[in-house]
Amino acid sequence: MTKNHTFHLVDQSPWPLLGSLSTFSLLMGFIKWFQFQESNLLMLSILTTNLIMYQWWRDIIRESTFQGMHTTKVSLNLRWGMILFISSEVLFFFSFFWAFFHSSLSSSIELGMNWPPKGIMTFNPLEIPLLNTLILLTSGLSITWAHHSLMENNFTQAIQGLSMTVILGTYFTFLQKFEYFEANFSISDSIYGSTFYMTTGLHGMHVIIGSVFLLICLLREILNHFSSSHHFGFEAAAWYWHFVDVVWLFLYISIYWWGS
């Protein structure tokens, strides 16, 4: 059927509804795991969520790369959608920083009027946190290198820059996992433990999601899905990664350095 407009009218898709149900099941799986130490629902939900994500991503790649649905007008709207999404993420993190500063600047009598509370041994900001900061700053440089290489039709360097960014993101995740294992306090240890793990854990989840996003872009780049003028999927991943970098800088300065 022909059309006389530049917009993309999306075909009926089962993935939004199935994705919502799978995410709801995933959250219920976490609750069941926390309360009853049973992970069967959590593992099943992770499997279904990944399957839905794979097939939804596959459909979007088909629409943009092979069917030509993502016109200039559609790409512009996608850009605004990504900007609004990142803006909502900024507000999301702002709420956790608000909780941290509210609790630290006006420490309650239950905490002994101290911050950090007595009994909490904080991390040395000059050890793993500083290394993770250098890793993310370096990954910001490598993703920018990959982006400029792609715009200049230098696909070899674009692949190299993307590969380096994915490796650095994975390395960051492993270091944060090691840091959690070495911690002498948990999420249930006062408001400090709650705000620390909620903020750093949420950021760590964003790093994992961003790493997967960039890995998909790396595979698409290897398969020649991007051109110098049509690569919004890569741009969206780069914007998201820069957002993750900036949030970590605020997190490192406020929680690891000032808060300790």
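As the structure is a computational prediction, the values presented were derived from the model and not from experiment.
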Note to self: Do Phe178 and Val207 sit in one hydrophobic cluster, given that two such residues count as connected whenever their side-chain heavy atoms are within less than 4.5 Å of each other, even indirectly?
What the structure shows: yes
Item checked: Spacing of CH2 belonging to Trp15 relative to CD1 belonging to Ile60, to within rounding of 0.5 Å -> 11.5 Å
Item checked: Any donor-acceptor pair under 3.5 Å from Thr49 side chain to Ile46 backbone -> no
Item checked: Aromatic centroids of Tyr256 and Trp248 separated by under 6.0 Å -> yes
Checklist line | Cluster overlap Phe250 with Leu126, hydrophobic side-chain contacts below 4.5 Å | finding: yes
Margin query: Taking atom CZ as the centre, does Phe97 end up with more than 12 heavy-atom neighbours from other residues, nucleotides or ligands that are less than 6.0 angstrom away?
Written below: yes
Checklist line | Straight-line distance of Cys217 SG to Phe226 CZ, nearest 0.5 Å | finding: 4.5 Å
Item checked: side chain to side chain contact (heavy atoms under 4.5 Å, CB included) between Asn132 and Tyr171, worked out -> CA-CA 9 Å; Asn132 271 341; Tyr171 186 33; over 6 Å; no
Item checked: Non-neighbouring partners of Phe94 that pass ring-ring contact (aromatic ring centres under 6.0 Å, His included), sequence neighbours left out -> Trp98
Margin query: Test of understanding: clusters of I, L, V, M, F, W, Y form through side-chain heavy atoms closer than 4.5 Å, transitively. Do Val246 and Leu136 belong to the same one?
Written below: yes
Note to self: Can you confirm whether His148 sits close enough to Thr144 that some side-chain heavy atom of one is under 4.5 Å from a side-chain heavy atom of the other?
What the structure shows: yes
Next item on the list: Compute the centroid of each ring, for His231 and then for His147, and state whether the two points are separated by less than 6.0 Å.
Entry: yes
Notebook entry, point to check: Quick one: does Gln55's side chain have a donor or acceptor within less than 3.5 Å of a partner on Leu51's backbone?
Noted result: yes
Next item on the list: Please confirm whether the backbone N or O of Arg62 pairs with a side-chain atom of Thr65, one donor and one acceptor, at under 3.5 Å?
Entry: no
Note to self: Let me confirm one number: the OG-CG distance from Ser149 to Leu162, rounded to the nearest 0.5 Å.
What the structure shows: 9.5 Å
Next item on the list: State, with a plain yes or no, whether a side-chain heavy atom of Ile83 is found less than 4.5 Å away from one of Trp80.
Entry: yes
Notebook entry, point to check: Does the side chain of Thr170 pick up a donor-acceptor pair with the side chain of Ser211 at under 3.5 Å?
Noted result: no
Let me check something: any side-chain donor-acceptor pairs from residues 196-206 under 3.5 Å, sequence neighbours excluded? List them with distances.
| from | atom 1 | to | atom 2 | distance (Å) |
| --- | --- | --- | --- | --- |
| Tyr197 | OH | Phe185 | O | 2.7 |
| Thr199 | OG1 | Thr195 | O | 2.7 |
| Thr200 | OG1 | Tyr180 | OH | 2.7 |
| Thr200 | OG1 | Phe196 | O | 2.6 |
| His203 | NE2 | Val244 | O | 3.0 |
| His206 | ND1 | Leu202 | O | 2.8 |
| His206 | NE2 | Glu89 | OE1 | 2.1 |

Note to self: The test is side chain to side chain contact (heavy atoms under 4.5 Å, CB included); show your working for Phe155 and Glu221 and say whether it passes.
What the structure shows: CA-CA 8 Å; Phe155 298 109; Glu221 178 65 27; 2.8 Å; yes
Check: With the 4.5 Å side-chain cut-off for hydrophobic clustering, are Ile167 and Val212 part of the same group?
Finding: no
Notebook entry, point to check: Can you name the nearest heavy-atom pair linking Phe92 to Ser95, along with the distance?
Noted result: O-OG, 2.5 Å
Item checked: Between CG on residue Asn154 and CH2 on residue Trp145, distance to nearest 0.5 Å -> 8.5 Å
Next item on the list: Write down the atom of Ala236, the atom of Met82, and the distance for their closest heavy-atom approach.
Entry: O-CE, 3.5 Å
Item checked: Point-to-point distance, once rounded to the nearest 0.5 Å, from NE2 of His225 to OG of Ser64 -> 8.5 Å
Notebook entry, point to check: Going by atom types alone, do Thr165 and Ser139 pair a side-chain donor with an acceptor below 3.5 Å?
Noted result: no
Check: Checking Tyr252 side chain against Pro125 main chain: does a donor-acceptor pair fall under 3.5 Å?
Finding: yes
Next item on the list: Could you tell me which non-hydrogen atom of Tyr192 sits nearest to which non-hydrogen atom of Ile255, and how far apart they are?
Entry: OH-O, 4.2 Å
Check: Out of Trp239, Phe243, Trp57, which residue meets the ring-ring contact (aromatic ring centres under 6.0 Å, His included) rule with Phe213?
Finding: Trp57
Margin query: Apply side chain to side chain contact (heavy atoms under 4.5 Å, CB included) to residues Phe234 and Ile143 and explain how you reach the verdict.
Written below: CA-CA 10 Å; Phe234 175 85; Ile143 192 68; 3.9 Å; yes
Margin query: Would you compute the distance between atom CE of Met151 and atom OG of Ser227 and round it to the nearest 0.5 angstrom?
Written below: 12.0 Å
Checklist line | Side chain Thr23, main chain Gly19, donor-acceptor under 3.5 Å | finding: yes
Note to self: Quick one, Thr48 and Ser25 - any side-chain contact, counting heavy atoms below 4.5 Å?
What the structure shows: no
Next item on the list: Taking all heavy atoms of Gly210 and all of Trp241, pick out the closest pair and write down the distance.
Entry: C-CZ3, 3.7 Å
Checklist line | Heavy-atom closest pair, residues Arg220 and Gly233 | finding: NH1-CA, 4.5 Å
Notebook entry, point to check: Applying the 4.5 Å side-chain criterion to the ILVMFWY set and letting contacts propagate, would Leu18 and Tyr54 be lumped into a single cluster?
Noted result: no
Check: Does any non-hydrogen side-chain atom of Phe123 lie less than 4.5 Å from one of Ile128?
Finding: no
Next item on the list: Please confirm whether the backbone N or O of Phe100 pairs with a side-chain atom of Ser103, one donor and one acceptor, at under 3.5 Å?
Entry: no
Without placing hydrogens or testing angles, list every side-chain donor-acceptor pair under 3.5 Å for residues 26-37, not counting sequence neighbours.
| from | atom 1 | to | atom 2 | distance (Å) |
| --- | --- | --- | --- | --- |
| Lys32 | NZ | Asn40 | OD1 | 3.2 |
| Gln37 | NE2 | Phe34 | O | 3.1 |

Note to self: One pair to check against side chain to side chain contact (heavy atoms under 4.5 Å, CB included): Leu249 and Leu137. What are the steps and the verdict?
What the structure shows: CA-CA 9 Å; Leu249 290 178; Leu137 289 177; 4.0 Å; yes
